[in-house]
Colleague: 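Before I ask anything, let me first share the structure, which is written out below as structure tokens.
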Number of protein chains: 4
Amino acid sequence: MNNNHNKKDKILEAAIQVFAQHGYERGTVSEIANAAGIAKGSFYHYFSSKEEIIYDLFDLFFEQFIMNWEQIIDKNISPVRKIKLLIDQTFEDLIQMQKEKDLTKMILIFEIMFLLFRKSLKDKSENNIEQLFLRYYDILVPLFKEGQEKGIFRSDIDPEYAAYLIFGMIDGFSLHFIIQKDNYDIKESKKYLIDLILNGLVNK
Amino acid sequence: MNNNHNKKDKILEAAIQVFAQHGYERGTVSEIANAAGIAKGSFYHYFSSKEEIIYDLFDLFFEQFIMNWEQIIDKNISPVRKIKLLIDQTFEDLIQMQKEKDLTKMILIFEIMFLLFRKSLKDKSENNIEQLFLRYYDILVPLFKEGQEKGIFRSDIDPEYAAYLIFGMIDGFSLHFIIQKDNYDIKESKKYLIDLILNGLVNK
Amino acid sequence: MNNNHNKKDKILEAAIQVFAQHGYERGTVSEIANAAGIAKGSFYHYFSSKEEIIYDLFDLFFEQFIMNWEQIIDKNISPVRKIKLLIDQTFEDLIQMQKEKDLTKMILIFEIMFLLFRKSLKDKSENNIEQLFLRYYDILVPLFKEGQEKGIFRSDIDPEYAAYLIFGMIDGFSLHFIIQKDNYDIKESKKYLIDLILNGLVNK
Amino acid sequence: MNNNHNKKDKILEAAIQVFAQHGYERGTVSEIANAAGIAKGSFYHYFSSKEEIIYDLFDLFFEQFIMNWEQIIDKNISPVRKIKLLIDQTFEDLIQMQKEKDLTKMILIFEIMFLLFRKSLKDKSENNIEQLFLRYYDILVPLFKEGQEKGIFRSDIDPEYAAYLIFGMIDGFSLHFIIQKDNYDIKESKKYLIDLILNGLVNK
DNA sequence: GATGAATGAGGCTTCATTCAT
DNA sequence: CATGAATGAAGCCTCATTCAT
């Protein structure tokens with residue numbers, strides 16, 4: 001049973017390698033099985049189809065990310081400090097992925113996101129992305145409200161929109177960070193991102 | 001030749017429809033030819049391969065976007081006003097795409113971006129995405145410098161990083177806007193994005 | 001051993017269900033094992049291969065049918081009465097199968113027949129079908145001869161051919177009966193079949 | 001276009017050979033393509049799937065058979081003579097198939113019949129077999145009625161049942177004839193079948 | 001005996017691309 | 001230029017069978 005779990009993880013690991021390198025469509029079950037050290041047919045003992053694997057990958061990736069955020073939010077620190085930590089954590093995750101492998105893995109994460117999103121549009125099936133985002137908003141909305149109540153954050157911004165924008169800007173910028181990772185310094189990028197989100201461009 | 005050009009455009013148009021619906025890998029040359037009203041074989045009179053088409057699509061999409069930004073930058077208005085207009089324009093483009101077709105087309109744009117990016121990593125070939133981003137920075141760096149010189153923008157931010165971050169946040173947020181487009185109001189989203197980028201979250 | 005036997009019967013029972021529904025080729029060992037409540041691997045403790053099972057099924061089906069006929073033939077009644085009873089019995093068997101399950105089981109019987117017949121042609125191996133038919137003829141030839149000797153049946157028909165034809169018409173008609181079972185009444189069908197075989201179409 | 005038709009026929013011809021030898025499930029598209037002298041992929045220019053081919057085969061086989069019957073029925077001859085000719089024709093068809101190839105082809109015909117029948121049961125889709133049988137009844141019912149009106153055939157048999165039984169016995173016996181073809185003489189078989197259907201077993 | 005994970009051959013199908021007409 | 005039949009490599013998946021536990 002434990003072994004069983006290990007094997008499934010091994011396949012997922014292999015799938016990440018393969019999909020990261022070639023993309024989901026171009027990555028083949030054969031190659032995954034090969035990378036996982038199993039026979040092609042054995043793949044189907046653990047996943048009912050090639051497609052199914054992306055759902056597991058989705059969970060694998062994002063569950064970790066969001067858990068990291070959720071842990072931060074429970075801490076007893078100021079809202080501003082929390083935002084700093086959330087962004088810190090985001091960069092930590094990015095850097096972590098960089099170490100393990102190359103950029104392609106990060107791209108895979110976005111590819112999976114689009115894959116699932118397109119699928120949900122087509123089948124009008126459950127939209128995993130939207131569900132995921134909601135969990136992020138559930139973190140950010142209370143955080144922003146708390147900041148407003150304490151007079152730290154501006155009160156002229158709707159908390160729902162604030163959460164939507166903050167998460168959008170952080171997550172969205174991550175994408176550019178990945179693409180540009182060799183051209184800009186990580187620490188500087190992070191420092192400026194925090195600063196901009198908190199204080200904006202304009203001179204006061 | 002004019003006819004020739006028209007036909008090529010027709011194929012590109014068809015390719016957008018097809019790829020938007022099924023994604024690049026799943027969209028077939030047959031289907032594109034069909035949608036373009038030509039024979040499958042004729043496709044290869046205009047494009048040497050299926051892959052080639054994505055380069056044309058890349059240009060088709062982004063050339064328009066960046067041209068719109070470049071026009072704004074030449075105007076004789078204040079830097080803050082320019083940033084507002086740039087964001088305005090971005091949302092205008094998003095809305096425009098929404099009208100023409102559905103979200104899938106926007107996703108296609110991101111898909112193409114990743115496709116080319118992964119390709120450049122693999123082949124160590126020319127990175128079209130990086131090239132594109134540079135053009136955006138060429139717009140934003142002078143803009144920010146101008147604002148700093150006039151004392152409008154904060155002087156404690158490196159202009160290169162400012163450009164990188166501003167573009168990252170705007171473009172990155174667009175992605176979230178697309179995914180969430182039914183849940184948030186366009187005008188509000190735009191207003192808050194401008195406000196946040198200029199003034200940040202913190203109460204002054 | 002008794003237990004052993006029970007398990008084997010259970011598997012055969014399960015195989016009938018599975019093959020009846022999907023046909024022999026499409027029915028899988030997995031599904032059979034599942035339906036029999038055993039593990040896939042256990043199947044091979046009782047049958048050396050998937051193919052072997054059809055020999056057992058063949059016996060299972062036809063042994064019953066022919067035994068029923070053989071019992072009739074030993075009775076001390078007139079040849080005409082015997083023919084009536086044979087046809088009665090045939091319909092009884094058909095009805096019985098109908099009750100147990102649906103038509104698909106009857107089709108399975110024919111499928112097995114063809115499977116074995118084709119196999120015997122290919123391998124020039126023992127032709128189980130021919131062997132089976134011979135047993136039927138062994139019943140019918142003496143029966144018809146007896147009728148001829150008693151002056152009941154026409155003497156201008158070769159007994160070998162008579163047996164061949166009678167069995168062919170009864171068994172062959174069964175097939176049409178199965179296919180048409182919803183469109184014609186069982187009792188009427190049986191009554192007319194007996195009548196036609198005995199008296200023919202022509203007005204005397 | 002003519003060429004097109006030839007090619008499709010060639011594939012059908014090849015499919016018959018292959019399916020006759022191995023059965024439908026065991027016969028592969030590869031082998032068919034091979035036998036037809038085309039590439040595997042080309043098969044799918046003419047048939048959208050392996051399954052589709054059996055519908056064409058069904059038509060190919062039975063259309064010929066029933067047309068032969070329909071031609072007989074239009075002749076201006078006595079009902080008894082017509083029945084003789086119908087049975088003659090049936091044997092002619094059987095013999096014809098025997099000549100072209102071996103028995104396996106005839107078995108294929110029955111296999112297709114069962115395939116389609118099982119399919120219709122499963123999907124509750126159109127029952128091609130039932131449709132086909134109706135066409136046979138449309139021939140036999142009027143024929144039998146005509147015989148009754150002329151006082152040739154017995155009037156105590158319902159024409160619907162007569163048609164059902166006559167066709168069932170003729171067609172059903174064919175199956176036994178195929179299986180037994182080496183053990184019994186064709187002419188004798190045919191002669192006795194006609195005689196039995198017309199006059200029955202009983203001595204008058 | 002019982003299990004079910006593992007295997008790998010092989011099947012059906014797709015599709016980018018070519019080429020003769 | 002236009003066509004679409006032809007190709008064949010390659011992909012996903014199935015499944016009978018084996019074997020270590």
Side-chain angles (χ1 to χ4, degrees), chain A residues 1 3-4 6-8 11 22 25-34 36-53, chain B residues 1 3-4 7 22 24-34 36-53, chain C residues 1 3-4 7 22 24-34 36-53, chain D residues 1 3-4 6-8 11 22 25-34 36-53:
Chain A
M1 194 185 299
N3 190 1
N4 192 317
N6 285 336
K7 192 80 70 89
K8 191 163 185 174
I11 295 175
H22 305 114
E25 297 287 355
R26 288 269 172 94
T28 71
V29 172
S30 263
E31 205 176 348
I32 292 170
N34 219 45
I38 59 168
K40 199 180 3 171
S42 302
F43 175 89
Y44 291 92
H45 275 278
Y46 298 93
F47 299 93
S48 64
S49 71
K50 181 187 174 185
E51 191 189 330
E52 203 205 301
I53 214 169
Chain B
M1 195 186 293
N3 189 2
N4 191 317
K7 192 87 65 99
H22 304 117
Y24 169 71
E25 297 288 354
R26 291 267 172 96
T28 71
V29 172
S30 269
E31 204 178 348
I32 293 169
N34 213 46
I38 61 169
K40 196 186 348 179
S42 302
F43 175 89
Y44 290 89
H45 287 289
Y46 299 94
F47 297 92
S48 64
S49 72
K50 181 187 174 185
E51 191 190 333
E52 202 203 306
I53 216 170
Chain C
M1 193 184 292
N3 189 3
N4 191 318
K7 193 87 67 98
H22 304 117
Y24 170 71
E25 296 288 354
R26 291 269 173 95
T28 70
V29 172
S30 269
E31 206 178 346
I32 292 170
N34 214 46
I38 59 168
K40 196 183 353 176
S42 302
F43 175 89
Y44 290 90
H45 285 288
Y46 300 93
F47 297 92
S48 65
S49 72
K50 181 187 173 186
E51 192 189 331
E52 202 204 305
I53 215 169
Chain D
M1 194 185 296
N3 191 359
N4 192 317
N6 285 335
K7 190 81 68 91
K8 192 164 182 173
I11 295 174
H22 305 114
E25 297 286 355
R26 288 269 171 93
T28 71
V29 171
S30 264
E31 205 177 348
I32 293 170
N34 219 45
I38 60 170
K40 198 178 6 173
S42 301
F43 175 89
Y44 291 90
H45 276 278
Y46 298 94
F47 299 92
S48 64
S49 71
K50 181 187 175 187
E51 190 189 330
E52 204 205 302
I53 215 169

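A note on names: the letters A, B, ... follow the listed sequences, proteins ahead of strands, and every chain is numbered from 1. Atom set for the values below is all heavy atoms of this structure, side chains included, hydrogens, waters and symmetry mates excluded.
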Colleague: Return the minimal non-hydrogen interatomic distance between A/Glu52 and A/Ser48, and the atom names on each side.
Modeller: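 Reported closest heavy-atom pair: OE1-OG, 2.6 Å.
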
Colleague: Quick check for you: to the nearest 0.5 Å, what is the distance between D/Ile11 atom CD1 and D/Ile53 atom CD1?
Modeller: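 Nearest 0.5 Å value for the CD1-CD1 distance: 7.0 Å.
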
Colleague: For nucleotides 13-21 of chain E, just jot down a letter per nucleotide in 5' to 3' order: B, S or -, based on protein non-hydrogen atoms under 4.0 Å.
Modeller: BBSSBB---

Colleague: Under 6.0 Å from the ring centre and within 45 degrees of the ring axis: does the NZ or CZ of B/Lys50 meet both conditions for the six-membered ring of B/Phe43?
Modeller: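 Output no; distance or angle outside limits.
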
Colleague: Within 45 degrees of the axis of the six-membered ring of A/Phe47 and under 6.0 Å from its centre: does A/Lys8 put its NZ or CZ there?
Modeller: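 Yes, A/Lys8 sits over the ring of A/Phe47.
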
Colleague: Pair C/Glu51, C/Tyr24 - check side-chain contact (heavy atoms from CB on, under 4.5 Å), show working.
Modeller: CA-CA 9 Å; C/Glu51 192 189 331; C/Tyr24 170 71; 3.7 Å; yes

Colleague: Say whether, by atom type as modelled, one donor and one acceptor occur between the side chain of B/Lys7 and the main chain of B/Ala36 under 3.5 angstrom.
Modeller: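 Pair absent, no side-chain N/O of B/Lys7 close to backbone of B/Ala36.
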
Colleague: Where each pair must be Watson-Crick or G-U wobble with both distances under 3.5 Å, what dot-bracket representation of DNA chain E is obtained, with crossing pairs in [ ] and other-strand partners as |?
Modeller: .||||||||||||||||||||

Colleague: Can you measure from OG (D/Ser42) to CD1 (D/Ile38) and round to the nearest 0.5 angstrom?
Modeller: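 CD1 of D/Ile38 is found 5.0 Å from OG of D/Ser42.
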
Colleague: Of all heavy-atom pairs between C/Lys40 and C/Ala33, which one has the smallest distance, and what is that distance?
Modeller: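 Residues C/Lys40 and C/Ala33, closest heavy atoms: CA-CB, 3.7 Å.
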
Colleague: Using whole Å, what does the distance between atom C1' of nucleotide E/dC12 and atom CD1 of D/Ile32 come to?
Modeller: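 Spelled out: CD1 on D/Ile32 to C1' on E/dC12 is 11 Å.
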
Colleague: For A/Ile11 and E/dA5, what is the distance between atoms CD1 and P respectively, to the nearest whole Å?
Modeller: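 To the nearest whole Å, that distance equals 12 Å.
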
Colleague: Tell me which nucleotide among F/dG4, E/dA6, F/dT7 gets nearest to the side chain of A/Tyr46.
Modeller: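 Taking heavy atoms from C-beta onward, the closest nucleotide is E/dA6.
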
Colleague: Take atom CD of C/Glu52 and atom P of F/dA16, then tell me their distance rounded to the nearest Å.
Modeller: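 So the two atoms are 15 Å apart, to the nearest Å.
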
Colleague: Whole angstroms only, please: what is the CZ-P distance between A/Phe47 and F/dG11?
Modeller: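 Spelled out: CZ on A/Phe47 to P on F/dG11 is 20 Å.
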
